[in-house]
Amino acid sequence: MTVSAAFKSSKLISWKSTGRLQQTLAGCIERAGKSLHSGKVSTVKLWPELAGKGRHFDFRSTLIRASIEFAEDSPLCTTLCKDGLKIPTVEHLLSALEAMEVDNCRIEIENSDSEDDCSVEVPIFDGSAREWVEAIEQVGLQVATDHHGDCCEKMIAYVNEPVHVWRNDSFVAAFPSEEIRITYGIDFRQVPAIGSQWFSVTLLDKSLYSKQIALSRTFCIYEEVERMRNAGLIKGGSLENAIVCSASKGWLNPPLRFQDEPCRHKVLDLIGDVSLFARSGSQGIPVAHLVAYKGGHTLHSDLVRRLSGMI
C-alpha cells in the first residue's frame with residue numbers, strides 16, 4: 001500500500017497531521033512469560049523500526065502487520081493471522097504501544113519450548129499492560145527515520161460522522177469530537193460485586209494511561225471458568241494473571257487496583273483493538289468520542305472495519 005493510498009480520506013474519516021514526528025523505541029526490549037490461553041511460555045523482543053513501517057510481528061520469518069486486515073475473530077482475545085500462522089492475545093501489548101506512542105516497532109515472537117508450532121501467544125504477565133508500559137518507559141523513545149535518514153510526520157484520522165456497530169444489546173460507536181474521548185460501560189448484574197460500571201477518559205496522555213488504565217487486569221467470572229477450560233481456553237489462567245469474581249462469593253483474589261478495574265480493563269482492550277486502524281506509522285486511535293457498552297474484541301474490531309471501509 002502506498003503512503004497516499006494509506007491516508008486517503010473518505011466520507012467517514014479525514015486524515016490530518018498531528019504536528020508530531022513518528023517515534024520508535026530507543027533500544028530493544030525482551031520479555032518472556034506464560035500465555036493465558038495456550039499456557040505455553042513465549043518470548044517477545046521489541047525492536048526499533050524505520051519510520052513509515054508501523055507495528056508488525058515477526059513470527060517464523062513471516063511479517064504480520066498489526067492491522068485490521070489480519071485480525072481474526074477469536075474467543076476472549078484478538079488474534080492476528082497470516083499464511084496459516086496465528087498470534088493470539090495481541091491486545092495488551094498493542095494497547096501499550098499505541099498509548100505510549102511507539103509508532104513503529106518490529107515485534108519478534110516465538111514459543112520458548114517449541115519451534116514447530118504455527119501459533120504463538122503473547123504473554124499475559126499479570127493480566128494488565130503494566131509490564132509493557134514499564135519496559136517502554138525504561139528503554140525510552142526516539143524519533144524514527146526512514147531508509148534515507150528522514151523523519152516522517154505522524155498522521156491521525158478524524159471521524160466525520162457517527163459510526164456504530166452492534167450486536168443484540170451491545171454496541172461500539174465513534175462520534176465526531178474535537179478531542180479523543182473514550183466512554184465504556186459494562187453490565188454484570190448477575191455478579192453483584194461487578195454490577196454495572198461506567199468509565200470515561202480523555203486520552204492522548206501517556207501518564208494518564210500508565211497510571212489509570214495500563215494497571216487494570218483482565219477479569220473473569222468464576223462460574224464460567226470450567227466452561228472456558230472445556231473449550232480449550234485459559235489453560236495458563238491463574239489468580240496471578242487475572243482477577244476472578246464469583247457471583248455468590250465476590251472477588252476471590254482482592255484487592256482490586258481500582259474500584260472499577262473491570263471497566264478500565266475494557267478500555268485497555270479497546271485501545272489495543274482500535275490500534276489496528278494504524279497504518280504506516282500513524283496513530284491508530286482516531287480523534288473521536290468512542291462509546292462502548294457491553295463490547296468485546298469482535299465488536300471493537302468491527303468498528304475498525306467500518307472505519308476502514310471493509311464492512
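What you are looking at is a predicted structure, and each value in this text was computed from that prediction instead of being measured. Quick note: numbers below take in every heavy atom, side chains included, and nothing from hydrogens, waters or symmetry partners. For this chain, numbers begin at 1 and follow the sequence in order.
In this structure, Arg167 forms no cation-pi arrangement with Phe171, as its terminal cationic atom is not both closer than 6.0 Å to the ring centre and no more than 45° off the ring axis. Both the sub-6.0 Å distance and the 45° axial angle are not jointly satisfied by Lys266 relative to the ring of Phe199.
None of Gln23, Arg55, Gln22 except one satisfies the side chain to side chain donor-acceptor pair (under 3.5 Å) rule with Asn104; the exception is Gln22. Just one residue in the list Ser35, Ser74, Pro123, Cys77 forms a side-chain contact (heavy atoms from CB on, under 4.5 Å) with Thr89, and that residue is Cys77. Between Val172 and the options Leu290, Val304, Val165, a side-chain contact (heavy atoms from CB on, under 4.5 Å) holds for only Val165.
Listed by chain and residue number, nothing satisfies the side chain to side chain donor-acceptor pair (under 3.5 Å) test with Glu134 (two or more places apart in sequence, or in another chain). By the side chain to side chain donor-acceptor pair (under 3.5 Å) test, Arg306 is found to be paired with no residue, residues two or more places apart in sequence or in another chain being considered.
For Phe70 and Phe57, the ring centers are positioned 6.0 Å apart or more.
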Full working for side chain to side chain donor-acceptor pair (under 3.5 Å) between Thr183 and His289: CA-CA 8 Å; Thr183 300; His289 185 182; 2.7 Å; yes
Test log, rule salt bridge (Lys or Arg N to Asp or Glu O under 4.0 Å), inputs Glu137 and Lys206: CA-CA 10 Å; Glu137 289 177 334; Lys206 290 188 289 186; over 6 Å; no
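Members clustered with Leu215: Phe258, by chain and number, using a 4.5 Å side-chain heavy-atom cutoff among hydrophobic residues. Apart from Val143 itself, the hydrophobic cluster it occupies contains Leu21, where clustering links Ile, Leu, Val, Met, Phe, Trp and Tyr at side-chain heavy-atom distances under 4.5 Å.
Residue pairs meeting the side-chain hydrogen bond (donor to acceptor under 3.5 Å, both in side chains) criterion with at least one member in residues 189-199, sequence neighbours excluded, are Asp187-Arg189, Asp187-Ser196. Each side-chain hydrogen bond (donor to acceptor under 3.5 Å, both in side chains) pair with one or both residues in residues 244-257, not counting sequence neighbours, appears once here: Asp126-Arg257, Glu223-Ser246, Ser246-Ser248.
Checking Ser200 against Arg181 by side-chain atom types alone, a donor-acceptor pair falls below 3.5 Å.
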